[in-house]
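Written below as structure tokens is the structure these notes are about.
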Amino acid sequence: MPPFLFRALFYVLIPLLFLTLRPVSAESELESEINALLSTLDSCNGCVFIRNGSEHSVKEAKSHLLRKYEATKGRIGTIDEFIKGLASKSSITGIPYKIRFPDGKEIESEKWLRTQEEKIKKKKNQDRRSGEKQHP
């Protein structure tokens with residue numbers, strides 16, 4: 001192999017390979033976090049998702065938020081950006097999304113989702129710590 005081809009492979013192609021592989025794992029981690037967060041909606045039995053004044057089921061809410069994420073996938077890089085930028089308000093009207101509980105109490109979705117996110121993080125940390133104790 002001529003030296004210039006070797007240098008081209010080493011200095012150009014190999015770094016490009018690493019650059020293209022890195023976002024894939026970061027993206028799949030983000031998708032995993034989003035799916036875990038949205039799955040917490042399933043535990044909200046009898047809850048109603050309010051979007052632009054219209055009531056929607058939890059299933060419809062999850063579907064809507066996933067569609068929004070798919071449409072903006074390249075621009076959302078963190079769970080915080082997902083919650084703040086997509087899952088908390090209408091991108092058209094700017095009206096905050098709300099969740100109504102069976103007792104009639106309403107809360108903005110951003111607040112509820114952040115609480116759920118904290119619970120997920122706490123559980124993940126507890127699981128990690130208990131795993132470390134079992135494997136000294």
Side-chain angles (χ1 to χ4, degrees):
M1 178 184 293
F4 73 91
L5 281 177
F6 179 76
R7 275 187 246 132
L9 280 172
F10 188 76
Y11 290 113
V12 177
L13 297 178
I14 292 175
L16 285 175
L17 176 66
F18 286 108
L19 287 174
T20 59
L21 291 178
R22 185 177 171 150
V24 171
S25 65
E27 184 175 297
S28 62
E29 183 178 333
L30 176 60
E31 286 181 7
S32 178
E33 290 176 354
I34 289 170
N35 288 326
L37 182 62
L38 293 180
S39 71
T40 63
L41 283 167
D42 295 330
S43 67
C44 196
N45 296 323
C47 290
V48 175
F49 190 79
I50 303 168
R51 189 176 86 232
N52 292 324
S54 298
E55 296 181 0
H56 301 273
S57 70
V58 168
K59 184 178 178 180
E60 291 170 327
K62 286 173 62 174
S63 177
H64 174 72
L65 294 175
L66 285 172
R67 277 193 314 274
K68 283 182 78 172
Y69 173 66
E70 286 298 321
T72 59
K73 200 180 242 184
R75 296 183 302 245
I76 300 296
T78 66
I79 194 71
D80 184 60
E81 290 173 357
F82 173 77
I83 293 172
K84 186 88 171 145
L86 297 179
S88 62
K89 64 184 176 187
S90 168
S91 55
I92 296 171
T93 65
I95 297 172
Y97 296 153
K98 294 183 180 181
I99 296 173
R100 181 182 305 129
F101 299 98
D103 65 3
K105 179 184 169 194
E106 289 184 7
I107 186 171
E108 289 190 359
S109 67
E110 181 176 3
K111 184 175 181 178
W112 191 83
L113 289 169
R114 293 214 184 270
T115 300
Q116 300 310 306
E117 177 195 17
E118 287 302 314
K119 288 179 183 178
I120 292 169
K121 283 181 184 177
K122 191 175 189 178
K123 183 176 181 342
K124 189 185 269 187
N125 288 336
Q126 287 172 343
D127 291 348
R128 191 177 301 129
R129 281 194 296 265
S130 68
E132 289 171 0
K133 289 178 185 176
Q134 292 175 4
H135 304 286

| field | Worked verdict on Glu70 versus Arg67 for salt bridge (Lys or Arg N to Asp or Glu O under 4.0 Å) | value | CA-CA 5 Å; Glu70 286 298 321; Arg67 277 193 314 274; over 6 Å; no
| message | Hydrophobic clustering (ILVMFWY, side-chain heavy atoms < 4.5 Å, transitive) - are Ile50 and Val58 grouped together? | response |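 In one cluster: no.
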| request: Could you walk me through whether Leu38 and Phe82 pass the side chain to side chain contact (heavy atoms under 4.5 Å, CB included) test, one step at a time? | output: CA-CA 11 Å; Leu38 293 180; Phe82 173 77; 4.2 Å; yes
| task | Decide if atom NZ of Lys62 counts as having more than 12 heavy atoms of other residues, nucleotides or ligands within a radius under 6.0 Å. | result |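 Correct, the count exceeds 12.
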| Carboxylate-amine/guanidinium contact Arg114 Asp80, below 4.0 Å |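 Looking at Arg114 and Asp80, the cut-off is met.
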| request: Any disulfide bond (SG atoms under 2.5 Å apart) involving residues 30-61? Give me the pairs, sequence neighbours left out, ordered by first then second residue. | output: Cys44-Cys47
| Side-chain heavy atoms of Arg129 within contact of Gln126, under 4.5 Å |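 In contact.
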| With a 4.5 Å limit on heavy-atom distance, are the side chains of Leu41 and Ile99 in contact? |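 Yes, close enough: below the 4.5 Å cut-off.
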Which heavy-atom pair separates [X] from [Y] by the least distance, and what is that distance?
X	Y	answer
Leu37	Gln116	CD1-CB, 3.8 Å
Ser109	Ser88	OG-CA, 3.4 Å
Leu30	Ile76	CD2-O, 3.3 Å
Ser57	Phe49	O-CB, 4.2 Å

To the nearest 0.5 Å, what is the distance between [atom1] ([X]) and [atom2] ([Y])?
X	Y	atom1	atom2	result
Glu31	Ile79	CD	CD1	11.0 Å
Ile83	Glu33	CD1	CD	9.5 Å
Thr78	Lys84	OG1	NZ	12.0 Å
Leu113	Ile120	CG	CD1	9.0 Å
Glu117	Trp112	CD	CH2	12.0 Å
Arg75	Leu86	CZ	CG	8.5 Å

| Tyr97 and side chain to side chain donor-acceptor pair (under 3.5 Å): which partner among Arg51, Glu110, His64, Lys89? |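 Of the listed options, the one satisfying the test is His64.
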Pairs under 3.5 angstrom only: tabulate donor-acceptor contacts from the side chains of residues 101-108 to other protein residues two or more places apart or in another chain.
unit_1	atom_1	unit_2	atom_2	d
Asp103	OD1	Lys105	N	2.9
Glu106	OE2	Arg100	NE	3.0
Glu106	OE2	Arg100	NH2	3.1

